Number of protein chains: 2
Amino acid sequence: MRGKAPPKQRSGCPISIALEIFGDSWSLLVVRDLMFKQRRTFNEFLSAEENIATNILSERLARLESNEIIEKHQDPNDARRYIYRLTEKGIALAPVLVEMILWSAQHETTAAAPDVVAEMTAHKGRFLLRVRQEWARIKLP
Amino acid sequence: MRGKAPPKQRSGCPISIALEIFGDSWSLLVVRDLMFKQRRTFNEFLSAEENIATNILSERLARLESNEIIEKHQDPNDARRYIYRLTEKGIALAPVLVEMILWSAQHETTAAAPDVVAEMTAHKGRFLLRVRQEWARIKLP
DNA sequence: GCAGATTGCTTGCATTTAGCAAGTAATACG
DNA sequence: CGTATTACTTGCTAAATGCAAGCAATCTGC
């Protein structure tokens with residue numbers, strides 16, 4: 001399901017376009033949870049430490065779906081629940097998130113596990129391959 | 001000069017921390033202009049195609065300086081003007097921006113030059129090294 | 001079959017942020 | 001010294017954020 005058509009872009013710059021899609025403080029956290037945290041439902045996203053508001057989460061999910069970064073499927077076992085999954089376009093954000101993790105781990109005080117950061121740094125390509133493989137293993141009903 | 005101390009972080013996650021610093025739709029455009037566009041002053045940032053408002057630009061420059069991503073120096077030739085420069089922490093954002101460019105170039109319609117994108121894709125390490133070398137060549141008075 | 005619980009929101013409201021247009025202090029220039 | 005420039009600030013409005021409460025659809029256990 002699509003949201004309303006986005007307004008005219010402010011420029012053709014790839015960075016500006018990317019920021020118009022996910023340049024806010026919550027969207028990439030949803031992508032993070034799908035990519036790294038095995039969270040796939042509305043309530044699982046709500047349970048993250050950052051405490052997003054329900055109206056904000058709902059709005060961000062709609063926009064990410066509208067931008068084809070995630071897809072939404074009804075849970076066959078419970079019609080109330082929806083299961084989200086990253087699309088190809090969404091999993092392609094992995095290198096962006098990995099570089100953000102590496103930048104923060106080096107320049108800020110974070111809670112990132114040092115061994116994970118060390119592996120990301122030393123074997124970035126392998127780490128990214130594994131992330132994509134795990135994404136590909138997820139089957140939807 | 002520092003702004004006020006940032007409030008308590010919403011989590012220790014490196015992605016969340018990064019988004020608290022630059023997870024809005026303008027901050028990384030300032031970093032882009034310093035990194036790739038040889039823009040260094042308030043008016044040069046204003047001249048970018050995206051048409052940022054002056055109060056927003058002022059606020060973002062203050063926050064980026066407060067977060068030690070950019071540094072601000074008075075122009076010795078004109079005391080009204082300030083020259084901005086990326087810090088070490090700021091130039092370290094280059095891999096993040098490059099991955100955003102590559103992601104957008106592949107998944108959105110952008111105005112990015114295909115030859116530049118091709119070179120970034122094929123020789124990412126070399127491209128990043130050159131970006132850092134050009135940053136290192138910038139001298140401040 | 002129904003009461004209570006769950007899921008995924010929506011709603012109303014207060015607060016904060018974004019952004020427009022105008023204005024200002026400090027500085028430069030001819 | 002008058003005019004222009006630079007980097008903002010200000011007042012205001014519109015939009016976004018986020019809280020707390022509420023709701024429709026669905027599920028579960030008795």
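Bear in mind the structure is a predicted one, so any value in this text is a computation, not a measurement. Any value given below was found using the heavy atoms of this structure, including those in side chains, with hydrogens, waters and symmetry copies removed. Here is the naming used below: chain letters follow the sequence lines, and residue numbers restart at 1 for every chain.
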Could you give the [atom1]-to-[atom2] distance, from [X] to [N], as a whole number of Å?
X: A:Leu19; N: C:dA18; atom1: CG; atom2: C1'; answer: 16 Å
X: B:Glu44; N: D:dA7; atom1: CD; atom2: C1'; answer: 13 Å
X: A:Leu57; N: D:dA20; atom1: CG; atom2: C1'; answer: 17 Å
X: A:Tyr84; N: C:dC9; atom1: OH; atom2: C1'; answer: 9 Å
X: A:Glu65; N: C:dC9; atom1: CD; atom2: P; answer: 9 Å
X: B:Glu59; N: D:dC8; atom1: CD; atom2: P; answer: 12 Å
X: A:Arg63; N: D:dT17; atom1: CZ; atom2: P; answer: 8 Å
X: B:Arg39; N: D:dT6; atom1: CZ; atom2: P; answer: 16 Å

Who are the side-chain contact (heavy atoms from CB on, under 4.5 Å) partners of B:Phe127, not counting sequence neighbours?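 By the side-chain contact (heavy atoms from CB on, under 4.5 Å) rule, B:Phe127 matches B:Phe36, B:Val98, B:Glu119, B:Met120, B:Arg130, B:Val131.
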Are A:Ser11 and B:Glu50 close enough that a side-chain donor and a side-chain acceptor fall under 3.5 Å?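 Side chains of A:Ser11 and B:Glu50: pair found under 3.5 Å.
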Does the side chain of A:Ser16 pick up a donor-acceptor pair with the side chain of A:Arg10 at under 3.5 Å?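 On atom types as modelled, these side chains qualify, holding a pair under 3.5 Å.
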For residues 55-64 of chain B, which side-chain N or O atoms pair as donor and acceptor with protein atoms under 3.5 Å away, sequence neighbours left out?
{"unit_1": "B:Arg60", "atom_1": "NE", "unit_2": "B:Asp24", "atom_2": "OD1", "d": "2.8"}
{"unit_1": "B:Arg63", "atom_1": "NH2", "unit_2": "B:Glu20", "atom_2": "O", "d": "3.4"}

Contacts of A:Trp103 that satisfy ring-ring contact (aromatic ring centres under 6.0 Å, His included) - sequence neighbours left out: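 If we apply the ring-ring contact (aromatic ring centres under 6.0 Å, His included) test to A:Trp103, skipping adjacent residues, the hits are A:His107, B:Phe22.
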Who pairs with B:Arg132 by side chain to side chain donor-acceptor pair (under 3.5 Å), at least two apart in sequence or on another chain?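 Per chain and number, B:Arg132 pairs via side chain to side chain donor-acceptor pair (under 3.5 Å) with B:Glu88.
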Verdict with supporting geometry, B:Glu99 and A:Leu93, side-chain contact (heavy atoms from CB on, under 4.5 Å): CA-CA 8 Å; B:Glu99 294 300 343; A:Leu93 282 168; over 6 Å; no
Any Lys/Arg nitrogen of B:Lys89 or B:Glu71 sitting under 4.0 Å from an Asp/Glu carboxylate oxygen of the other?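 Salt bridge flag = no for B:Glu71 with B:Lys89.
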Check for me whether A:Lys72 meets the cation-pi criterion with A:Tyr82, that is, NZ or CZ under 6.0 Å from the six-membered ring centre and within 45 degrees of the ring axis.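 Yes, A:Lys72 and A:Tyr82 form such a contact.
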Output a table of nitrogen or oxygen pairs between the protein and nucleotides 13-15 of chain D separated by less than 3.5 Å.
none

I'd like to compare against my own output: the B/S/- annotation of nucleotides 19-30 of chain C with a strict under-4.0 Å heavy-atom distance to protein. BB-----BBS--
